[in-house]
Amino acid sequence: MTSNTIKKISIIVPVYNEEEVINKFFQRTRKILEKIKYKWELIFVNDGSTDSTLPLLIKLAEQNLDIKIINFSKNFGHQQAVTAGFDYANGDAVISIDADLQDPPELIPKLIAKWEKGNEVVHAKRKSRKDGILKILTATIFYKFLNLLLQTKIPENVGDYRLLDRKVIHVFKKLPEKNRYLRGLSSWVGFKQTFVKFHRDKRHAGKTKYSLAKMLKLASNAVFSFSRFPIRLARYLTVIFGLSSCGIFIYVLYSWIQDNVVPGWASQILIMLIFTSINLVILSIISEYVSRIYNQVQGRPIYIISDTYNINKSKHE
Ligand code: UDP
Ligand code: MG
């Protein structure tokens with residue numbers, strides 16, 4: 001094999017305030033990458049870290065041209081960081097992995113082996129995980145609930161550790177969608193998909209960078225981008241409450257004809273409360289869609305790059 005025909009693997013690592021894990025992550029990952037028979041590049045996407053993550057990364061990049069950095073102008077979020085990695089990677093296969101060593105780099109050869117067999121999307125699936133009980137519980141309930149609603153099933157116990165073939169990356173780069181839920185998208189695109197199972201460790205050091213607000217945003221992206229359920233819910237509620245108001249109207253009319261109109265203060269308040277709150281529910285669902293349309297129409301980029309290291313500035317096709 002000449003060096004031109006040797007394929008290349010790109011590894012994308014989103015990092016947000018990960019000074020405690022960067023060096024350890026690199027040591028473990030380098031050991032694996034040195035053993036594979038492919039060329040490789042390791043792209044760190046620094047998602048607006050405020051600690052010493054960036055200087056640590058620059059030190060690594062100065063020693064090795066295959067270590068590349070995309071430095072965001074501020075914190076845009078994990079999904080955006082991975083997307084930037086996809087945009088600038090030039091490997092034949094692209095693997096996204098967390099920096100905190102919860103996704104063991106030792107699994108990379110297994111992901112590649114499945115790819116060599118012709119699979120185009122290889123998800124790393126957790127057979128067990130060492131997260132807090134609350135995280136496990138909320139994640140389990142959320143995915144069960146989500147899969148009840150979705151047309152595109154999202155595999156359970158799958159995070160953002162996966163390999164994508166260049167073909168899939170090509171599709172991803174063409175998607176104009178701003179609210180990106182990569183777990184949903186990577187199932188939705190189709191292609192030949194498979195899994196590799198692994199045991200998810202505890203975070204190597206530091207705390208989770210997924211705050212509750214970030215988790216809620218991810219969850220609402222999943223629901224609103226991959227199901228029509230909220231819109232259908234608004235329709236069902238309208239029908240239910242529309243029919244019941246017809247019933248109430250008939251009842252009031254009947255009582256009036258019967259000359260039986262005792263002023264029922266409590267029931268009036270109750271009815272008013274029910275109908276105003278249902279209006280609010282429907283309005284809030286609609287406003288969620290409006291805000292998403294607004295966001296899309298504004299056309300702002302989903303991330304802004306401040307600078308890059310060892311990277312060819314133009315996006316790779
Ligand atoms: N991350 C990021 N931007 C963010 C939040 C997280 O780039 O706004 C990175 C983080 O540095 C890590 C990965 O995304 O490499 C997963 O985050 P974390 O481990 O904190 O999430 P958890 O495993 O707790 O869900
Ligand atoms: Mg983690």
Side-chain angles (χ1 to χ4, degrees), residues 10-29 42-57 60 67-89 94-105 107-108 123-126 128-143 146 154 156-162 179-183 186 198-222 302-306 308:
S10 304
I11 314 280
I12 313 290
V13 198
V15 280
Y16 177 46
N17 292 342
E18 298 287 10
E19 60 183 8
E20 290 161 291
V21 302
I22 292 289
N23 284 328
K24 184 79 187 169
F25 170 84
F26 178 63
Q27 282 165 18
R28 257 175 75 179
T29 308
L42 190 55
I43 305 181
F44 288 98
V45 185
N46 179 37
D47 185 14
S49 300
T50 50
D51 63 357
S52 60
T53 296
L54 184 63
L56 284 172
L57 291 176
L60 295 177
I67 299 171
K68 307 178 176 186
I69 309 171
I70 297 172
N71 186 34
F72 279 1
S73 66
K74 64 165 194 177
N75 179 245
F76 279 93
H78 171 246
Q79 306 285 297
Q80 287 80 342
V82 176
T83 302
F86 290 166
D87 288 342
Y88 286 85
V94 178
I95 298 175
S96 52
I97 181 170
D98 288 354
D100 60 359
L101 292 168
Q102 286 200 283
D103 300 337
L107 203 72
I108 290 176
H123 306 273
K125 190 174 168 114
R126 307 182 268 249
S128 64
R129 66 195 285 188
K130 278 194 184 156
D131 278 310
I133 182 83
L134 193 71
K135 181 139 191 160
I136 295 180
L137 201 71
T138 48
T140 311
I141 294 174
F142 174 69
Y143 282 104
L146 194 63
I154 294 177
E156 278 175 49
N157 292 319
V158 164
D160 280 304
Y161 189 13
R162 74 170 59 74
N179 282 309
R180 280 169 183 258
Y181 181 61
L182 296 173
R183 284 162 219 190
S186 48
F198 77 107
H199 167 74
R200 186 161 161 101
D201 274 327
K202 269 198 197 126
R203 188 173 239 287
H204 173 65
K207 284 203 185 109
T208 177
K209 303 301 173 314
Y210 254 97
S211 58
L212 185 64
K214 280 183 178 162
M215 262 170 41
L216 287 175
K217 190 166 171 235
L218 191 73
S220 90
N221 266 346
I302 61 172
Y303 59 81
I304 297 169
I305 294 174
S306 153
T308 62

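Whatever order the structure lists them in is the order used to number ligands and atoms, beginning at 1. Note that the structure is a prediction, hence the values are computed from the model and not measured.
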Tell me which protein heavy atom sits closest to [atom], plus the residue, atom name and distance to 0.1 Å.
atom: atom 3 (N) of ligand 1; result: D47 OD2, 2.6 Å
atom: atom 25 (O) of ligand 1; result: K135 NZ, 2.7 Å
atom: atom 19 (O) of ligand 1; result: D100 OD2, 2.7 Å
atom: atom 17 (O) of ligand 1; result: Y210 CD1, 3.8 Å
atom: atom 1 (N) of ligand 1; result: Y16 CB, 3.8 Å
atom: atom 20 (O) of ligand 1; result: K209 N, 2.4 Å

Just do the side chain to side chain contact (heavy atoms under 4.5 Å, CB included) check on Y210 and L218 with the steps written out, would you? CA-CA 10 Å; Y210 254 97; L218 191 73; 4.1 Å; yes

Any salt bridge between E20 and R203, counting N to O under 4.0 Å? no

Are more than 12 heavy atoms from other residues, nucleotides or ligands located less than 6.0 Å from atom NZ of K24? no

K214 atom NZ, over 12 foreign heavy atoms within 6.0 Å: yes

When only distance counts, is [X] in polar contact with ligand 1, meaning an N/O pair under 3.5 Å?
X: P14; answer: yes
X: A99; answer: yes
X: K207; answer: no

Just to be sure I'm reading this right: ignoring hydrogens, which of K214, Q102, R203 gets closest to atom 23 (O) of ligand 1? Compare them by their nearest heavy atoms. Q102

Identity of the nearest option to atom 12 (C) of ligand 1, non-hydrogen atoms only, from Q79, E18, Q80: E18

H204 touching ligand 1 at heavy-atom level, < 4.0 angstrom: no

Could you list the atoms of ligand 1 found under 4.0 angstrom from a heavy atom of [X]?
X: R200; answer: 23 (O)
X: N75; answer: 3 (N), 4 (C), 8 (O)
X: V15; answer: 7 (O), 11 (O)
X: G77; answer: 3 (N), 8 (O)

When the aromatic ring centroids of Y303 and F72 are compared, is their separation below 6.0 Å? yes

For the residue pair [X] and [Y], establish whether any side-chain heavy-atom pair is separated by less than 4.5 Å.
X: L60; Y: I22; answer: yes
X: F44; Y: T53; answer: no
X: I97; Y: F25; answer: yes

Taking non-hydrogen atoms only, is [X] closer than 4.0 angstrom to ligand 1 via side chain, backbone, both or neither?
X: V13; answer: neither
X: T208; answer: both
X: H78; answer: both

Do any of the N, O or S atoms of Y210 sit under 2.8 Å from the Mg ion (ligand 2)? no

For the Mg ion (ligand 2), decide whether D100 has an N, O or S atom at a distance under 2.8 Å. yes

Residue pair H78 / Y16, side-chain donor-acceptor N/O under 3.5 Å: no

Is the closest side-chain donor-acceptor distance between K209 and N75 under 3.5 Å? no

Heavy atoms of S96 and D160 approach each other most closely as OG-O, 2.7 Å

For a side chain to side chain contact (heavy atoms under 4.5 Å, CB included) check, start with the C-alpha distance between V94 and S10, then their side-chain angles and the critical distance, and finish with the verdict. CA-CA 5 Å; V94 178; S10 304; 4.1 Å; yes

Relative to each other, are the rings of Y161 and F198 parallel, tilted or perpendicular (30° and 60° limits)? perpendicular

